[in-house]
There are 2 protein chains.
Amino acid sequence: MAVTLRDVADRAGVSRSAVSRTFTEGASVSAKTRAKVEKAATELGYSPNAIASSLTTGRTKLIGLVSNNFHNPLFLEVFDLFTRGLQDRGLRPLLVNLSHETDPANSVRMLRQYSVDGVIVASSTLPPSFAEAFRDAGVPVVHSFGRYTTSPHVHVVGIDNIACGRMAAEALIARGHRSVAFLGGPETATSTQDRERGFLDALSSHPEIQVSVSYASAYSFDAGRAEMMRLLQGTPAEAYFCGDDVLSIGVLSAISDARLRVPDDIGIIGLNDMEMARWENINLTTIRQPVAQIIGASIDLVVETIQHPDRHPETRLFPCRVIERGTLRPVPR
Amino acid sequence: MAVTLRDVADRAGVSRSAVSRTFTEGASVSAKTRAKVEKAATELGYSPNAIASSLTTGRTKLIGLVSNNFHNPLFLEVFDLFTRGLQDRGLRPLLVNLSHETDPANSVRMLRQYSVDGVIVASSTLPPSFAEAFRDAGVPVVHSFGRYTTSPHVHVVGIDNIACGRMAAEALIARGHRSVAFLGGPETATSTQDRERGFLDALSSHPEIQVSVSYASAYSFDAGRAEMMRLLQGTPAEAYFCGDDVLSIGVLSAISDARLRVPDDIGIIGLNDMEMARWENINLTTIRQPVAQIIGASIDLVVETIQHPDRHPETRLFPCRVIERGTLRPVPR
DNA sequence: ATTCATTTTGCAACCGGTTGCAAAAAGAAT
DNA sequence: ATTCTTTTTGCAACCGGTTGCAAAATGAAT
């Protein structure tokens, strides 16, 4: 059925090695045989079988892309950039959807069966142990959008969530708010913990500002909306730093239902800057994650790790910045 | 490094065939040797190499998932369902991002190099010829969200876009609108053409209703917004059927900027029912595509095609229905 | 205990490539 | 023309599995 190396060799009148070598970068073939082989190959429509060659070279050029964020619109951009970035480097993404899975063992097995060259765990909610399971299995791995740790056991690329929390706090302080709040995602998510920490940390030097904290049950519209509706039964803070953009939009929806105005009655700052945050009817002030840089660095790092498996685990964090839109009042004066 | 079949065989004191057979469904192994092998396998942490076995079986259990829709939030749901659905059947999705590519040859080559068992082309904008290129290369293929044709050359699963256009028209007629319009996506997209056709067809029996047609330059927020802003310079129709939900949201944004109210001044009906359409601050009346059914059927069909490669090309279309929310006034009486 | 049918097992070839090695060919130097 | 060096080539083994086939083992029947 499919045309193989042997067919090409026969047609070109050379050995199978010769054919293999013409398709192998830097192998020794004379111009003459290369020409013969290439002619035969195009005539037959041959293209080498990556699977078969991986068997001897030990390289499949497959990269496992593991994620559990299939409900955050930011991740559509993430998948877009990852798949394009990998393709551009001649790598192919093998997607693993972790939606309900929490045990890494299964994913590890699945990806080892396909001898992936490396794995990228793209998630801001998975614990570090998840990526570590791959490293323990001897698979080069990078945790994208992962959590910063001082002595990482595994490569991490992402943002400094603590610094982001601080940045959000400073944005609210600069606007002269007297009472502010953190409305996080699930308390167990590593990103929530760090963002809260940074937020509270920055506010600790401003005892005159009243601070409160609460958590939505998920990084989702509904959870954000539900939590804000609950908060609106009491006395809400003047401004909220929300766990992420989707949550923020749920919060905005609850506020608008309560006939309160943003930013006059309540200010909101999100985190991510997903594509729809800039849509005019959302117009969310938020902290932008440099997604493209994170993804570029993640791919670079996994490629480097494939080449040098024993490199020290490294953490690469990229700076975020506040994107001013319409859900936070302007800084006075 | 990795533990192979041979290691297990040595440890269990049996032949390599015996090991292979214990891991092969329906092969002949006695309970005794199976036990020995399984013991050795778990002790060594062995799991069979799918890549290697594919070489002889001719089955990789890889499915190419080809798409160019990385900016439509609906497709995050689509990827979620596809990856989960494939995983549940023991198949692995190999993602190909077509963002700028228009020539199928490249994708075909990429996926043939990995000997994928089948391909799912998930796109409402790609022409039928794209999927056909895979069929011509002898790869089982299903075009998901593809266009209906009376004599398809390739399996198609999706919705009847013409019927949807008609359904939208009927929804507007039932509400007593005197002037209605179709605001499509790019004129070249197959889905746009069909939806327009159905829409105009249903209205042809209502000569008293004024009808107009225009196109946004893409299925995107910005394009929808821009086109509606243009339309608002003249006299807009009473109600619009928009190419899809993202477009609709752009349109809503333009309308709200013009200080017009929805649905009182202008009614909007979208198509897709993506997750955020139900968000309370969007609350879009739209036509729901049964995404889960389409995806389930697509996977079924590609699996069947792998088993029976010569099956006649088939078109499976699923019915849509109007989801009433807040952007279209209620049916009178 | 013998015969026959059935199941289990290992051998060896194969899947589609790659690669170390030694032989053959080409090129350079005398 | 001869010798030496360098490049090119094919052989054969191997990557990690599968599978047809015949031999060996098991079980049933007499």
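These numbers come from a predicted model, not from an experiment. Proteins come first, then strands; the chains are lettered A, B, ... in the order of their sequence lines, and each starts at number 1.
- Note on residues 9-22 of chain B: pairs passing salt bridge (charged side-chain N to carboxylate O under 4.0 Å, His left out), not counting sequence neighbours, are B/Arg11-B/Glu43.
- Contacts of B/Tyr219 classified as ring-ring contact (aromatic ring centres under 6.0 Å, His included), with partners at least two apart in sequence or in another chain: none.
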Inset, instruction - Tell me, with the steps shown, if A/Leu62 and B/Leu94 meet side-chain contact (heavy atoms from CB on, under 4.5 Å). - result: CA-CA 9 Å; A/Leu62 290 173; B/Leu94 198 58; 3.6 Å; yes
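- Residues forming a side-chain hydrogen bond (donor to acceptor under 3.5 Å, both in side chains) with B/Tyr114 (at least two apart in sequence, or on another chain): none.
- Whole-Å rounding puts the B/Leu5 CG to D/dC15 P distance at 12 Å.
- Within residues 106-117 of chain A, no residue has any heavy atom closer than 4.0 Å to DNA chain C.
- A heavy atom lying under 4.0 Å from DNA chain C marks the following residues of residues 41-51 of chain A, by number: A/Tyr46, A/Asn49.
- Separation of atoms OG (B/Ser298) and CZ (B/Phe82) is listed at 4.5 Å; rounding is to 0.5 Å.
- In this structure, A/Arg6 atom CZ and D/dA12 atom C1' are separated by 13 Å, rounded to whole Å.
- In this structure, the side chain of B/Glu77 does not engage the main chain of B/Val291 through any donor-acceptor pair within 3.5 Å.
- With rounding to the nearest 0.5 angstrom, the OG atom of A/Ser124 is 8.5 Å from the CG atom of A/Leu74.
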For residues 23-31 of chain A, run the donor-acceptor check on the side chains, cut-off 3.5 Å, and write out each pair with its distance to 0.1 Å, sequence neighbours left out.
{"unit_1": "A/Thr24", "atom_1": "OG1", "unit_2": "A/Ser20", "atom_2": "O", "d": "2.7"}
{"unit_1": "A/Ser30", "atom_1": "OG", "unit_2": "A/Thr33", "atom_2": "N", "d": "3.3"}
{"unit_1": "A/Ser30", "atom_1": "OG", "unit_2": "A/Thr33", "atom_2": "OG1", "d": "3.0"}

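- A donor-acceptor pair under 3.5 Å links the side-chain atoms of A/His143 to the main chain of A/Ser123, judged by distance alone.
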Inset, instruction - For each nucleotide in nucleotides 19-25 of chain C, reading 5' to 3', give B when a protein heavy atom comes within less than 4.0 Å of its base, S when such contact involves only the sugar-phosphate, and - otherwise. - result: BB-----
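- Here A/Asn97 pairs with A/Ser99, B/Asp80, B/Thr83 under the side-chain hydrogen bond (donor to acceptor under 3.5 Å, both in side chains) rule; sequence neighbours left out.
- Pairs of residues two or more places apart, or lying in two chains, that qualify as salt bridge (charged side-chain N to carboxylate O under 4.0 Å, His left out) and include a residue from residues 132-159 of chain A are A/Arg147-A/Asp194.
- For the pair B/Glu25 CD and D/dT18 P, the computed distance is 13 Å after rounding to whole Å.
- Within residues 27-34 of chain B, the residues having any heavy atom closer than 4.0 Å to DNA chain C are, in order of number, B/Ser28, B/Val29, B/Ser30, B/Thr33.
- To the nearest 0.5 Å, atom CG of residue A/Leu65 and atom CG of residue A/Leu111 are 9.5 Å apart.
- Considering all non-hydrogen atoms of both residues, B/Ala52 and A/Leu55 come closest at CB-CD1, 3.8 Å.
- Projected onto DNA chain C by closest heavy-atom contact, B/Ala18 and B/Leu55 fall at different nucleotides, the more 5' of which corresponds to B/Ala18.
- An angle of 30°, rounded to 10°, separates the two end axes of the helix from C/dA1-D/dT30 to C/dT30-D/dA1, each defined over five pairs.
- With sequence neighbours left out, B/Glu314 forms a side-chain hydrogen bond (donor to acceptor under 3.5 Å, both in side chains) with B/Arg311, B/Arg316.
- Note: B/Phe79 and B/Phe70 meet the aromatic proximity criterion, with ring centroids under 6.0 Å apart.
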